[in-house]
Amino acid sequence: MTRLVITCVLLCLSTVSFAHEGAEGVVKERMDRFKENKKAMKAIKGSLSSDTAVIARKASEIEAWAEEMVNFFPGGSSQPPSEALPAIWKEFDRFTDLASANEKAAAKLKNLAQSGADTSALSGAFRSLGKTCKDCHNDYKE
Ligand code: HEC
């Protein structure tokens, strides 16, 4: 009996610490990916009038992350140091729509860059993309 209790306690403890580690893992991973997003936006900004290849590549990275980002927000994963707000899980459909808008805006910029659009068109698409980041942060990030 004692052995059974000890086994159970050990099993339970390992499950708890595993869940905790997992949550930290996903929070850390998405924070890192968003930091990459910021770097990508900076690289695009610096290339608007000079390098459509960089714009297309970085916009494509942003598009790819936008497509999968909602999978990195499992229910209630807002523990510190996360800046994710609980509203995400109350309005997950809207959160998903904002990620889609981000994905579409990134795809549009990528396509423009690939088709050799001029700086003014690229700048406009870049601003629209930046707005989709902000739209989500306004409601769902601290
Ligand atoms: C659909 C919502 C959504 C979109 C779209 C979005 N973000 Fe975020 N972003 C978040 C949330 C939520 C967090 C907080 C994540 C956390 O801390 O757990 C965040 C965090 C960040 C961070 C902070 C990362 C850190 O830990 O230092 C940066 C930088 C960032 N986003 C940049 C961007 C950029 C640039 C774009 C657009 C290209 C973008 N995000 C698009 C929701 C979004």
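In listed order, ligands and their atoms are each counted from 1.
Listed by chain and number, Arg30, Met31, Phe34, Lys35, Asn37, Lys38, Met41, Ile62, Met69, Phe73, Ser82, Glu83, Ala84, Ile88, Phe95, Leu98, Ala99, Asn102, Thr132, Cys133, Cys136, His137, Tyr140, Lys141 each place a non-hydrogen atom less than 4.0 angstrom from ligand 1.
Taken from NZ in Lys90 to OH in Tyr140, the straight-line distance is 10.5 Å, to the nearest 0.5 Å. Rounding to the nearest 0.5 Å gives a distance of 15.0 Å between NZ of Lys108 and CD of Glu103.
Judged purely by atom type and a 3.5 angstrom limit, Asp51 has no side-chain atom pairing as donor or acceptor with the backbone of Ser47. Not one N or O on the side chain of Trp89 forms a donor-acceptor pair closer than 3.5 Å with the backbone of Ser77.
At least one side-chain heavy atom of Met69 sits under 4.5 Å from a side-chain heavy atom of Asn102. In this structure, the side chains of Arg94 and Leu98 come closer than 4.5 Å at one or more pairs of heavy atoms.
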